[in-house]
> 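This is the structure, below, for whatever I ask next.
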2 protein chains.
Amino acid sequence: MVDTSPSLGRSPSVKDVAAAAGVSLGTVSNVLNRPARVSPETRSRVERAMADLGFVRNESARQLRMGTSHTLAYVMLDASNPFFTDVAQGIELAAEGADISLFLCNSNNSAAREESHLGHLMQQRVQGILLTPVDPESATIDLVAGRGVPLVLVDRKRDDERYCSVAVDDELGGRLAIEHLVDRGHRRVAYVGGPEKLGQVRDRLAGARAAWADAGLLAAHLTVLPTQALTVGEGRGAGERLAGIPASRRPTAAFCANDLVALGLLQQVIGSGRSVPGDVAIVGYDDIYFAAAAAVPLTSVRQPRQELGRTAAELVFAETEPDHLHRQVVFQPELVARASTTGPSSGPSKGPSKGPGKGPGKG
Amino acid sequence: MVDTSPSLGRSPSVKDVAAAAGVSLGTVSNVLNRPARVSPETRSRVERAMADLGFVRNESARQLRMGTSHTLAYVMLDASNPFFTDVAQGIELAAEGADISLFLCNSNNSAAREESHLGHLMQQRVQGILLTPVDPESATIDLVAGRGVPLVLVDRKRDDERYCSVAVDDELGGRLAIEHLVDRGHRRVAYVGGPEKLGQVRDRLAGARAAWADAGLLAAHLTVLPTQALTVGEGRGAGERLAGIPASRRPTAAFCANDLVALGLLQQVIGSGRSVPGDVAIVGYDDIYFAAAAAVPLTSVRQPRQELGRTAAELVFAETEPDHLHRQVVFQPELVARASTTGPSSGPSKGPSKGPGKGPGKG
DNA sequence: TTGTACGCGTTATCAC
DNA sequence: GTGATAACGCGTACAA
């Protein structure tokens, strides 16, 4: 019905084109791959035939012959987290122009799904795989790389140097968040995040603790509110637990391990009639788009998402070069201050204000 | 370095496996495709060889021989809009188990990128394509379908019946939103959205107008605040324009063409010290996850996102059957009432309240 | 149960 | 400038 081409029952091949144009198979191939070698008349006749028949190159045959594929894949941890879609954008930008198309696969936090995707991609002989793994230490990763598929870890790193990776310095991110809160006069802060098995959660906390110690503050005044996952719902729950702490020792600020948690916390605080940052100042992490767009714009530790993706793509291309040394690229995060810490009536309004006399200096 | 297998310079083929196992090529093929036909000892010997060599099936060769591919693709309009990632989830769930893997392509609202992706996918001879097009009337769509590739339009429809599609009744959605607001006593409402060339924007407005008329209200009291796009930023801008309208004829509620716009509007209203729903009640559209998680949880018109995806996948599978009739599936949306319309001090507090005596009835 | 010859669509290499 | 032919890796039919 929508068929504009003469139906052969199958899609037309170079052979069909050759027959229709009255030339040989090799000529058609030349028109496709080395147009300059073909006389203008012949070429246009061939091109005409291709258009008439609705010829489309068969990538499988091409790849089988050439041994190289024109696709790159990014196996992402969670397609519904804006952070990862921004990373994907960055990859796409780098792949564009190289006549390579990017396929996104969503493992959705499932190791099984990740493995299934990786298996399919290996069978496809994709040119390279970018991966934000469910578990950076998983043996599956070794398996894939062991087969010689160019592989780059994105937003994760492993201790060994057998892989290229791009990541962001999470410990520094934790420091930045805490330094900012200390600067704003907060002397009791909660770190909200979990589970601890996530490297990010651990590293950000480590940075936070280091900065806290550097500021000469009591370790016990940096509370940890653990969560089961980095989701909005968990953030809300943490807000309730925070509210349950006696006012005398309740943190005046919260540093959340990511923006989803921060948004949940924000919602709970505002929904229960308290104010941000008046009652609780909030710092998030990732600086996803919705952070700036929240009802109280969120202060957040920004990661260079697009650049992360772009660099990962470059690394994966470099992997194909003969004697390639794996590189671990680490980016620096940056604090973006917004109303959730700097808004009206910011700074701790009650509680044991240890005196603004200390000033914004640190350690 | 990570190479666990004896390196051949290329990835091992069935031929290599056969040699290593001391059997013939056909036997290896049988182990792969008809294991029952091979004696247990031989089979395990072959399997052993495959493991040792790190054999991975070459999907290109397989596809070339068989003519069928094991991949499905969803070309999505905007990967950073949670609505579409949820649709993708639905597709993935349907594809799972069918031993088919789903590749996501992001056209990012660019017709050129969409075309490029479609081109690559056709060359790959994917089993089917699910598409939320930049422009449903684009000729590219005809071209793809004309080549015989199973194609299903997702969240869009065309007037002709040459395609399968899944969509949601946008006119009904518009009605639901307005009926809800009229029920809550609003007699001046703004419709916020644009550009008008988007079918969704038009249809939702049409439904809104119909419901407004059915309620016996003055057409002039349903204002349209046009936007350039359905983004958070545009929503904020609309909020400013709304605030600029003299109080006597300012709408007491806004119906936004999607949740991103609604979130932007919400942010502007709250940020300027007014309250939701006290000063402005807000209804969004899509019911994305962040809608429920907003500082003032958003009333929204929910679309069955996952089901949309699931059904689209089923339709694309059905396309391969011999004499297939194209189906246009239309889902019903549903209003989810939350605090942005039902919260404390909801309902119009000022303005020409035409009397609550009219009650919540309509037309 | 196992081994062999052939074809799939494309590209590269050679002869014309 | 153009035509013929071998190869890529795998699946299948058929022969042993």
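So you know, we letter chains A, B, ... as the sequences are listed, proteins then strands, and number each from 1. FYI, side chains are in, hydrogens and waters are out, and symmetry mates aren't considered; it's all heavy atoms of this structure.
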> Expressed in angstrom and rounded to an integer, what is the separation of A:Leu25 atom CG from C:dT10 atom P?
9 Å

> Closest approach to the side chain of B:Arg65, judged atom by atom: which nucleotide of C:dT1, C:dC8, C:dT10 is it?
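The closest nucleotide is C:dC8.
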
> With side chains defined as the heavy atoms from C-beta onward, is the minimum distance between A:Leu315 and A:Val329 less than 4.5 Å?
yes

> Surrounding CD of B:Glu47 (heavy atoms of other residues, nucleotides or ligands, distance under 6.0 Å), is the total greater than 12?
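Enclosed: over 12 neighbouring heavy atoms sit under 6.0 Å from CD of B:Glu47.
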
> Tell me, please, the opening and closing nucleotides of DNA chain D, 5' to 3', among those with an atom under 4.0 angstrom from a non-hydrogen atom of chain B.
D:dG9 to D:dT12

> Looking at every strand, decide which applies to B:Val38 at a 4.0 Å heavy-atom threshold: base, sugar-phosphate, or nothing.
sugar-phosphate

> B:Leu64 side chain: which of C:dT2, C:dA12, C:dG9 is closest?
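Looking only at side-chain atoms, B:Leu64 lies closest to C:dG9.
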
> For residues B:Ser80 and B:Asp78, is any side-chain donor paired with an opposing acceptor at under 3.5 Å?
yes

> Side chain of A:Ser107, backbone of A:Met76: donor and acceptor closer than 3.5 Å?
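Here the side-chain-to-backbone pair exists.
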
> Over how many whole Å does the gap from A:Leu32 atom CG to C:dG9 atom P extend?
15 Å

> Please report, rounded to the nearest Å, how far the C1' atom of C:dT10 is from the NE2 atom of A:His70.
12 Å

> Decide whether A:Gln123 and B:Asn58 meet the rule of one side-chain donor and one side-chain acceptor closer than 3.5 Å.
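No pair is found: no donor N or O on one side chain lies under 3.5 Å from an acceptor on the other.
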
> Which residue pairs pass the ring pair (Phe, Tyr, Trp, His ring centres under 6.0 Å) test when at least one of the two sits in residues 103-141 of chain A, sequence neighbours left out?
A:Phe103-B:Phe103

> For A:Arg62, which contact category applies under a 4.0 Å heavy-atom criterion: base, sugar-phosphate, or nothing?
sugar-phosphate

> Grab the CD-C1' distance between A:Glu59 and C:dT11 for me, whole Å please.
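That distance rounds to 13 Å.
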
> Can you tell me how far C1' of C:dC14 sits from CZ of A:Arg37, to the nearest Å?
12 Å

> Between A:Arg113 and B:Glu96, does any NZ, NE, NH1 or NH2 come within less than 4.0 Å of an OD or OE carboxylate oxygen?
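A salt bridge links B:Glu96 with A:Arg113.
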
> Under 4.0 Å between a side-chain nitrogen and a carboxylate oxygen: does that hold for B:Glu41 and B:Arg45?
no

> Have a look at A:Ser60 and say if it touches a base, only the backbone sugar-phosphate, or nothing, with a 4.0 Å heavy-atom cut-off.
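Result for A:Ser60 = nothing.
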
> Note the angle between the end axes of the helix from C:dG3-D:dC14 to C:dC16-D:dG1, five pairs defining each, rounded to 10 degrees.
40°

> Select base, sugar-phosphate, or nothing to describe what A:Ser13 touches, counting heavy atoms under 4.0 Å on all strands.
sugar-phosphate

> Which part of the nucleic acid, if any, lies within contact of B:Val28, taking any heavy atom under 4.0 Å across all strands shown: a base, the sugar-phosphate backbone alone, or nothing?
nothing

> Any salt bridge between A:Arg162 and A:Asp142, counting N to O under 4.0 Å?
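Salt bridge between A:Arg162 and A:Asp142, a charged N being under 4.0 Å from a carboxylate O: yes.
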
> To the nearest Å, how far apart are B:Arg125 CZ and C:dG9 P?
9 Å

